[in-house]
Amino acid sequence: MTGLAAELSALAKAAFAAEGLPEALGQVQASDRPDLAQFQCNGALPAAKLAKTNPRVLAERIAARLKAQAIFARVEIAGPGFINLDVTDGALAERVGRAPETGAPGTAKTLVIDFGGPNIAKPMHVGHLRSAIIGDCLQRLFRANGWQVTSDVHLGDWGLQMGQLISEIEHRGTAPVYFDAAFKGPYPEQSPVTMEDLEDLYPAASAACKADPARLEEARRATAELQAGRPGYRALWRHFFAVSERGLVREYGSLGVTFDLWKGEASVDPLIPPLIHDLTARGLAVESDGALIVAVAEPGDKKEVPPLILVKSDGAVNYATTDLATIVDRVAEQDPDLILYIVDQRQHLHFEQVFRAARKAGINGKAVLEHDGFGTMNGTDGKPFKTREGGVMKLYDLIAMATAEADKRLAEQGLANEYPPEERADIARKVGIAALKFADLSNYRLTDYVFDLERFTRFEGKTGPYLQYAAVRIQSILRKAREEGYMAAAPVVRSAAERALVLQLLALPEAMDAAEDKRAPNVLCEYVFELAQKFSRFYAEHHILSKSDAELRAARIGLCGITLATLTRVLGLLGIEIPARM
RNA sequence: GAUCCCGUAGCUCAGCCGGAUAGAGCACCUGCCUUCUAAGCAGGGGGUCGCAGGUUCGAAUCCUGCCGGGGUCGCCA
């Protein structure tokens with residue numbers, strides 16, 4: 001995407017090149033000092049360093065060339081050699097009136113994005129929230145920026161927790177047929193467990209294994225047998241999978257999060273034996289303490305990097321192995337340029353090991369492998385977020401809480417109370433989700449953040465609900481304009497408030513590029529909040545639906561329309577829906 | 001012990017591939033609703049950017065050391 005800053009950069013780069021200076025120094029950005037200028041170029045300072053001359057002299061030469069360009073209303077040198085730039089109002093108005101450019105489909109790169117990572121049989125909890133929200137935002141952003149994107153939920157469905165569940169069921173004796181080695185099948189079509197059963201089974205199994213080493217041993221053996229293909233266990237596993245998937249689709253659905261693929265660790269099971277064979281044959285995988293490992297330490301390492309464990313000493317594989325096999329699968333299926341893993345930062349070392357092993361074995365094709373971690377969500381006490389009872393809060397309950405809080409806020413604000421109950425409930429749901437998402441995304445990905453629902457759901461300040469309301473207000477103005485039969489026209493730029501709003505609208509491509517480069521949704525949050533603020537100022541200073549001046553009115557309606565479209569677009573990238581009215 | 005992340009206004013956080021007076025939201029103070037939903041708008045007070053060195057014309061930003069908080073460090077995910 002190319003925006004106004006990119007357009008100005010091209011002009012400045014040409015000027016630098018014409019002066020025999022490095023073109024890259026012509027980078028133009030929105031000014032740090034909006035009181036002094038709209039845009040700035042700092043390139044004369046490093047250029048002077050290189051050429052060992054006076055930066056102001058160089059800046060003068062660049063400025064002289066830029067002054068010849070009609071787009072600039074003002075070109076000035078300030079301080080040690082900053083080049084300050086203002087664009088003409090005509091140029092601003094002309095560009096903001098154009099349809100926004102979207103991506104560059106011809107040069108589409110391919111991305112596989114791995115996020116979500118819920119475990120089968122375990123209810124989704126707050127720990128899954130960040131991966132879902134951040135991952136979903138990034139998949140939307142990369143698509144908008146022209147990438148060919150495939151998202152994969154990558155279920156946790158092949159590890160020890162499966163063995164734990166299986167052995168727990170064996171102990172309870174509720175489904176003996178699956179454990180009868182003499183049974184020849186077919187196994188029942190009806191699942192022996194419901195979603196509720198699973199939610200009860202897993203904590204019990206987990207606790208039993210923690211308390212009793214013998215039970216843990218059983219679970220390990222069951223895991224290994226499942227992976228080795230024992231029919232009864234596989235049949236049981238298929239039931240777990242089917243029951244869980246229904247629940248997971250519903251939960252992600254309630255967040256507005258979707259995936260192209262519902263693959264998981266188990267889906268690459270057939271790829272594991274050949275992978276192990278290949279790595280062993282090439283001497284990359286070696287036996288150590290009864291396990292099969294791949295050494296991934298590298299000479300320049302500052303830290304100790306433990307080897308990747310390909311096959312455990314009990315014969316089972318763990319998620320390092322399935323992650324490697326998943327790379328093989330993705331290279332075969334999508335052959336991506338990039339694979340992003342949106343997973344808790346605490347797993348960083350794990351991914352470092354997997355990536356090194358993949359590169360060492362050359363199985364990653366042309367794909368760059370990148371782990372983009374995130375911090376934890378803490379309670380107001382600064383410790384990881386828990387329920388009042390100290391347990392893990394289920395995602396379902398969290399969403400219900402947010403919706404209830406949103407409903408309370410609507411009531412306090414006197415909003416939506418005369419609407420039909422279904423619409424009112426739908427608005428509360430959208431506002432609740434927006435509160436959760438915006439709060440999460442507006443913090444920098446890697447930092448931990450404090451979960452404070454009371455603060456997140458406020459209609460005042462930097463919140464999701466505030467932004468939704470801002471958009472709804474513009475929708476309301478435009479609706480009224482339609483009712484009055486008022487026409488929209490291309491915007492004009494005359495006042496400071498209009499100028500600031502238009503500059504912000506034109507800065508969208510830079511925000512989207514920066515967010516992509518840094519894989520940082522908070523850049524988009526910052527952008528959209530500033531956009532809403534600049535609209536507010538415009539709105540406060542100018543009456544839009546003027547009765548007397550049709551031309552002015554049409555231009556302002558036009559500007560409202562473009563602002564709404566941009567607001568809607570960016571909130572859409574954040575996964576936030578805008579109610580029709582509030 | 002090693003390594004990674006974090007430490008910025010009373011609170012919650014941006015900014016961090018060096019650049020002009022360090023920003024936002026909340027809270028606090030002063031103005032502004034007989035016109036499009038007062039969601040706010042205009043303005044004000046409030047900061048040794050954890051500490052100490054270093055590099056640089058210039059450091060919140062880069063380097064080194066230290067202090068404080070959190071994570072991770074071979075058969076869980």
Task: Donor-acceptor pair present, A/Y444 side chain and B/rA14 base, under 3.5 Å - done: no

Open item on the list: Nearest to the A/I309 side chain among B/rA24, B/rG74, B/rG19, which nucleotide is it?
Closed with: B/rG74

- [ ] Could you check whether A/L467 gets within reach of a base, just the sugar-phosphate, or nothing at all, counting any heavy atom under 4.0 Å?
- [x] nothing

Task: Touch class at under 4.0 angstrom, heavy-atom based, for A/R458 against every strand present - done: sugar-phosphate

TODO: Just call it for A/K312: base, sugar-phosphate, or nothing, with non-hydrogen atoms closer than 4.0 Å on any strand.
DONE: base

Open item on the list: What's the closest nucleotide to the side chain of A/K302 if the choices are B/rA24, B/rG74, B/rU3?
Closed with: B/rU3

Open item on the list: By the 4.0 Å heavy-atom rule, please label A/Q413 as base, sugar-phosphate, or nothing.
Closed with: sugar-phosphate

Task: A/L160 side-chain proximity, nearest of B/rG74, B/rC75, B/rC76 - done: B/rC76

Open item on the list: Using a 4.0 Å heavy-atom cut-off, does A/Q468 contact any base of the nucleic acid, only the sugar-phosphate backbone, or nothing at all?
Closed with: nothing

Task: A/F82 side chain, from C-beta outward: closest of B/rA38, B/rC6, B/rA20 - done: B/rA20

- [ ] Answer with base, sugar-phosphate or nothing: what part of the nucleic acid does A/V472 contact at a heavy-atom distance below 4.0 Å?
- [x] base

Open item on the list: What is the separation between atom CG on A/L308 and atom P on B/rC76, rounded to the nearest whole Å?
Closed with: 13 Å

TODO: Measure from the ring center of A/F115 to the ring center of A/F374 and say whether it is less than 6.0 Å.
DONE: no

Open item on the list: By nearest atom, which of the nucleotides B/rC75, B/rC13, B/rC41 is closest to the A/R220 side chain?
Closed with: B/rC75

Task: Minimum-distance nucleotide (side-chain atoms of A/I293 versus B/rC76, B/rA38, B/rG74) - done: B/rG74

Open item on the list: Using a 4.0 Å heavy-atom cut-off, does A/E265 contact any base of the nucleic acid, only the sugar-phosphate backbone, or nothing at all?
Closed with: sugar-phosphate

Open item on the list: Are there over 12 heavy-atom neighbours, none belonging to A/E551, within less than 6.0 Å of that residue's CD?
Closed with: no

Open item on the list: Base of B/rG71, side chain of A/T376 - is there a donor-acceptor contact under 3.5 Å?
Closed with: no

TODO: With heavy atoms under 4.0 Å as the rule, sort A/E304 into base, sugar-phosphate or nothing.
DONE: nothing

- [ ] Enter the distance from A/N522:CG to A/Y449:OH here, rounded to the nearest 0.5 Å.
- [x] 13.0 Å

- [ ] Have a look at A/F529 and say if it touches a base, only the backbone sugar-phosphate, or nothing, with a 4.0 Å heavy-atom cut-off.
- [x] sugar-phosphate

- [ ] Please state how far atom CG in A/L85 lies from atom C1' in B/rA20, giving the value in whole angstrom units.
- [x] 15 Å

Open item on the list: Rounding to an integer number of angstrom, what distance separates B/rG47 and B/rU37 when you compare their C1' atoms?
Closed with: 37 Å

- [ ] Answer with base, sugar-phosphate or nothing: what part of the nucleic acid does A/K49 contact at a heavy-atom distance below 4.0 Å?
- [x] base

TODO: Could you check which of B/rC6, B/rA77, B/rA39 has an atom nearest any side-chain atom of A/Y469?
DONE: B/rA39

TODO: For residues A/F529 and A/Y466, establish whether the separation of their ring centroids is below 6.0 Å.
DONE: yes

Open item on the list: Is the base of B/rU35 stacked against the aromatic ring of A/H543, taking ring centres under 5.5 Å apart and planes under 30° as the test?
Closed with: yes

Open item on the list: Once you apply a heavy-atom cut-off of 4.0 Å, does A/I544 come out as touching a base, just sugar-phosphate, or nothing?
Closed with: base

Task: Among B/rG19, B/rA39, B/rA77, the one nearest A/S536 by side-chain distance - done: B/rA39

- [ ] Could you tell me whether A/E484 and A/K480 have a side-chain N and a carboxylate O separated by less than 4.0 Å?
- [x] no

Task: Pair A/E412 + A/R409: basic N to acidic O under 4.0 Å - done: yes

Open item on the list: From C-beta outward on A/N443, which listed nucleotide comes closest to its side chain: B/rA14, B/rC36, B/rA39?
Closed with: B/rA14

Open item on the list: Let's test your reading of the model: under 3.5 Å, does the base of B/rA22 pair with the side chain of A/D32 as donor and acceptor?
Closed with: no

Task: Given B/rC13, B/rU37, B/rA24, the nucleotide with the shortest approach to the side chain of A/Q533 - done: B/rA24

Task: Sugar-phosphate, base or nothing in reach of A/K518, heavy atoms under 4.0 Å - done: sugar-phosphate

Open item on the list: Considering every strand and a 4.0 Å limit on heavy-atom distances, what is the contact class for A/R346: base, sugar-phosphate, or nothing?
Closed with: sugar-phosphate

TODO: Look at A/E423 together with A/R581 and state whether they make a salt bridge at an N to O cut-off of under 4.0 Å.
DONE: yes

Open item on the list: Mind checking if A/H542 touches a base, just sugar-phosphate, or nothing, with heavy atoms under 4.0 Å?
Closed with: base

